[in-house]
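Notes to accompany the following structure.
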Amino acid sequence: MGLIADYHTHTKFSRHGHGKGSIEENVRSACAKGLRQIAITDHGFNQPLYGVRRKDFDRVIEEIEEMRERYPIDILVGIEANLISSKGDIDLDSNDIKKMDIVLCGFHKIVKSNSKREQFGFIFKNILCCLFHHTSKRQREKNTNAYINAMRNHDIDIITHLNHCCKVDVEKVARVAKETNTLIELNGKRLGMSDKEILKCYELGCKFVINSDAHSPKRVGECHRGLEACLRLRIPDSAVVNYNSLPTLKKDKLKKRS
Ligand SMILES: [Zn+2]
Ligand SMILES: [Zn+2]
């Protein structure tokens, strides 16, 4: 076996050429690679250039429903939401979340915040930190609290590319990821975390998910960086939820409860 699910893939609904293929092409590629589950997770609504438009989201769902009839694979409706403020706000409301099977969340640079103050103090400042490869202690604390609040206040399944362009105290974020059953992604393209930080997450009992973050169909299921990190750091298969097994997502748990 090996990796049997990819929960982070983009399609043309991530606009302006950012995502290259159709939902069907991603699904076909996942089937060809023997995956049992794939999530379609285009960029969140507050990304003015690349994000899927809220008004287009019902079309995403319709297309996925059509593909479910035609392909022998479990296809999840999802989104890669944006962290949009230092308070941990994300660009999804409770109505949006109801439509999702899976919610991913990460920090992205070209994003509209919910106030001018946050646009400058959170988004723009992190862009500067990223450009100059330096994050002040204060900014790091702000970012850490943003992730912690996001995980506590929203049903997020996966934190994507943690520490990429939004530096945090990984240990503190990992403790809350464990407490809230939030999966930490080992991204197939960019890890964001150092080996030491990944090991810290593991020692604290966090679960990882390895995803491709594919922006083209051929890259679906291609997760070399994440897989290499696990081998290098001797992280056992049992700590990776989509290696030889499939996880129970937050929506599945809710369904079981109701
Ligand atoms: Zn991302
Ligand atoms: Zn992505």
Side-chain angles (χ1 to χ4, degrees), residues 3 5-23 25-27 29-30 35 37-53 56-57 60 64 75-85 88-92 96 100-113 122-123 126-127 129-130 143 146-147 150-151 154 156-168 170 173 177 182-193 208-226 229 242 249:
L3 277 186
D6 188 349
Y7 296 114
H8 187 170
T9 77
H10 295 267
T11 72
K12 281 179 182 163
F13 282 99
S14 294
R15 291 169 298 139
H16 294 109
H18 192 69
K20 306 283 185 291
S22 64
I23 292 177
E25 286 170 314
N26 276 20
V27 168
S29 177
L35 300 185
Q37 235 177 11
I38 180 178
I40 304 297
T41 55
D42 284 299
H43 285 296
F45 304 126
N46 276 37
Q47 220 160 346
L49 285 175
Y50 308 142
V52 54
R53 278 186 287 215
D56 289 340
F57 203 74
V60 173
I64 289 175
I75 311 166
L76 306 183
V77 174
I79 206 159
E80 187 183 13
N82 295 295
L83 190 59
I84 59 168
S85 83
D89 297 309
I90 65 172
D91 55 353
L92 292 180
D96 300 324
M100 313 280 168
D101 299 313
I102 185 168
V103 175
L104 279 54
C105 177
F107 177 84
H108 300 91
K109 289 177 282 187
I110 307 165
V111 156
K112 200 170 166 293
S113 184
F122 184 63
I123 309 287
N126 273 312
I127 296 175
C129 295
C130 194
N143 296 343
Y147 276 98
M151 287 187 284
H154 307 281
I156 295 167
D157 291 285
I158 299 173
I159 292 292
T160 61
H161 44 68
L162 181 64
N163 233 10
H164 174 69
C165 273
C166 184
K167 296 288 177 204
V168 296
V170 171
V173 172
T182 310
L183 302 168
I184 294 187
E185 178 184 76
L186 296 176
N187 191 288
K189 287 194 304 195
R190 48 185 171 218
L191 281 175
M193 289 181 284
F208 297 107
V209 59
I210 300 181
N211 290 323
S212 68
D213 197 0
H215 283 64
S216 64
K218 66 174 189 307
R219 281 211 63 259
V220 169
E222 303 284 319
C223 304
H224 305 300
R225 283 248 161 110
N242 56 340
L249 300 164

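Atoms within a ligand are numbered from 1 in the order they appear, just like the ligands themselves. We're numbering straight along the sequence, starting at 1.
Asp91 places a side-chain N or O within donor-acceptor distance of the main-chain N or O of Phe45, the cut-off being under 3.5 Å.
For the ring pair (Phe, Tyr, Trp, His ring centres under 6.0 Å) test, residues two or more places apart in sequence or in another chain that qualify with Phe107 are Phe122. Residues satisfying the ring pair (Phe, Tyr, Trp, His ring centres under 6.0 Å) test with His164, not counting sequence neighbours, are His161. Under the side chain to side chain contact (heavy atoms under 4.5 Å, CB included) criterion, Ser14 pairs with His10, His18, Asp42, His43, sequence neighbours left out.
Inspection of the environment of the Zn ion (ligand 2) yields the following protein N, O or S atoms under 2.8 Å: His8 NE2, His10 NE2, Glu80 OE1, Asp213 OD1.
In this model, a donor atom of one side chain and an acceptor atom of the other lie less than 3.5 Å apart for Asn187 and Asp213.
Pairing of Cys130 with Cys165 by a disulfide is supported, the SG atoms lying closer than 2.5 Å.
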